[in-house]
Number of protein chains: 2
Amino acid sequence: MKISELSRHSGVSLPTVKYYLREGLLPAGRSTGRNQAEYDVTHLRRLRLIRALIDVGNLSVAGVRQVLLAVDDGELPGHHLLGTAHEAIAGVPRADRGGPAWQAAREEAARIVADRGWRVHEHAPALDQLADAIAALRELGQQDMLAMVDGYAEATERLAVQEVGLVLARGDRASMVEGLVTGTVLGEAVLTALRRLAQEHTSAGLTEPPG
Amino acid sequence: MKISELSRHSGVSLPTVKYYLREGLLPAGRSTGRNQAEYDVTHLRRLRLIRALIDVGNLSVAGVRQVLLAVDDGELPGHHLLGTAHEAIAGVPRADRGGPAWQAAREEAARIVADRGWRVHEHAPALDQLADAIAALRELGQQDMLAMVDGYAEATERLAVQEVGLVLARGDRASMVEGLVTGTVLGEAVLTALRRLAQEHTSAGLTEPPG
DNA sequence: GGATAGCGGATAGTGATACTATCCAGTTAT
DNA sequence: ATAACTGGATAGTATCACTATCCGCTATCC
């Protein structure tokens, strides 16, 4: 497959394919001459993964690169890959962490996971993100919303067991790795879309019952 | 309160406060002279809301403007506000919707909500986002992940009942409106952070049990 | 075998976004 | 009086994710 065919088959414009090549998201094709190279289905597959992570998962190009580096690292154990995916999703950390209010929120976040018995890495970016959200809710005087946290935690714990089980059931490492990444990123997209739909249904149902 | 005090109290730089004023995110202060104006706690509160939506909720400035316009519209019924918040979160829609694969995914999305008996607006952006994610999972050969959809739907439905109940319990409209917005946007941040933590815990637990 | 379409690689340009800086004439505080 | 600050306007900057163009070379079709 030539680069133009790769572009056509994937629906990604040729300059953009070249850009991903330059950025190291897409491995170079097998060179068959000074200015000719051959691409195959693995490139096509990779390109589709890149687009899905960017478009659906809202990852940045830098985030995609991070994730793919981890995916391609055959040594990396599974849960490290998951951590990498989480870091890539997290993007650039907020600037104004560190005030006393944030510190308190951060401790609350740590307490929440500790109370559940969750064993997570002390510096997991999600812990900081949770603290960000808790601090924001408190600062805005919406702390009654924190009553939801238990429900969220229980639901996500139950779901995680299913998700991880689904991925582990696959057997071979390569497809587990891809499943982990897509499950994390695209699964999040599915979950948030469903949450919005559920909210819409529920709020319409409670404010104006069917008639 | 003068603009510089507003800046200091909120931790938002003065040029940025001016920028939000220009962009219409922050209402103008009460003018007390040709070049002097007075700001109060409502401005401070609004400024904090803006920062939370941008930093924690990952909304764009344009998205924040949309949400705030809806918040300030005293006429708008509650579930319309929710729809507006969802649209603002959704951001710019993807370009490549419309292919047969996407259409099929979109129908599947519609079927999922119909099977649950959810009554949602036919053109809800979340329906398109769900279709995006489903189409991407299929395209990447990860359709076994779609087995999670039921679990997600059930969990989000249960959570939505709690969330909406919490907001409705407040009584006065103004605080319900703010609760709706912050609950939607910041609640999403809390939920996704907890999901990542739950995943990390579960995947570590299943691959290397405590010892 | 000669035109021409396409190639890989390099470099530069574009448009959107979210600020950030500077300037100004006018006002307030010391 | 003078220094600091004000609201308002305009212009500049950094980053991101592409997009366009140019080059000398090659593959392919007639």
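Computation of the quantities below employed the complete heavy-atom set of this structure, encompassing side-chain atoms and omitting hydrogens, waters and symmetry-equivalent molecules. The structure displayed is predicted, hence computed values, not measured ones. Proteins come first, then strands; the chains are lettered A, B, ... in the order of their sequence lines, and each starts at number 1.
Taken from CG in A:L69 to CG in A:L76, the straight-line distance is 10.5 Å, to the nearest 0.5 Å. Between B:I50 atom CD1 and B:L59 atom CG the span is 11.5 Å, to the nearest 0.5 Å.
The side chain of A:R22 has C:dA12 as its nearest neighbour among C:dA12, C:dT20, C:dC7.
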Is there a side-chain hydrogen bond (donor to acceptor under 3.5 Å, both in side chains) between B:R46 and B:Y39 once you walk through the steps?
CA-CA 11 Å; B:R46 172 57 60 97; B:Y39 298 87; over 6 Å; no
With salt bridge (Lys or Arg N to Asp or Glu O under 4.0 Å) as the criterion, how do B:R195 and A:E163 come out once you've worked through the C-alpha distance, each side chain's angles and the decisive distance to 0.1 Å?
CA-CA 11 Å; B:R195 174 169 182 260; A:E163 288 165 335; 2.9 Å; yes
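Extent of DNA chain D lying under 4.0 Å from chain A heavy atoms, first and last nucleotide in 5' to 3' order, is D:dA17 to D:dA27.
Here the C1' atom of nucleotide C:dA18 and the CG atom of B:D55 are 12 Å apart, to the nearest Å. When rounded to the nearest whole Å, the span between CD of B:E23 and P of C:dT20 equals 14 Å. Between B:L25 atom CG and C:dT17 atom C1' there is a gap of 13 Å when expressed in whole angstrom units. Between the C1' atom of C:dC7 and the CG atom of A:L14 lies a distance of 9 Å, rounded to the nearest Å. The CG atom of A:L26 sits 12 Å away from the P atom of C:dG9 (whole-angstrom rounding). Atoms CD1 (B:I3) and P (C:dT20) sit 15 Å apart, rounded to a whole Å.
At least one side-chain nitrogen or oxygen of B:T16 sits closer than 4.0 Å to the OP1 or OP2 atom of C:dT20. Taking 4.0 angstrom as the limit, B:S13 places none of its side-chain polar atoms (N or O) nearer than this to OP1 or OP2 of C:dC19.
B:S31 comes within 4.0 angstrom of no nucleic acid atom, judged by non-hydrogen atoms across all strands. If you check every strand for non-hydrogen atoms under 4.0 Å, A:R8 touches nothing.
Ion pairing between B:E139 and A:R51 fails under the 4.0 Å rule for side-chain N and carboxylate O. Residues B:R170 and B:D172 are not paired through a salt bridge, judged by the lack of any N-O separation under 4.0 Å between the basic side chain and the carboxylate.
Mapping A:Y39 and B:Y20 onto DNA chain C by nearest heavy atom places A:Y39 closer to the 5' end of the strand. A residue-by-residue look at B:I54 and A:L21 shows that A:L21 has its nearest nucleotide of DNA chain C further toward the 5' end.
A donor-acceptor pair under 3.5 Å links the side-chain atoms of A:R65 to the main chain of A:E23, judged by distance alone. Between the side chain of A:E200 and the main chain of B:H121, a donor-acceptor pair closer than 3.5 Å is present.
Listed by first and then second residue, the ring pair (Phe, Tyr, Trp, His ring centres under 6.0 Å) pairs involving residues 45-64 of chain B amount to none (not counting sequence neighbours).
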Letter per nucleotide, 5' to 3', of nucleotides 24-29 of chain C [B base touched, S only sugar-phosphate touched, - untouched; heavy atoms, 4.0 Å]
-BBSS-
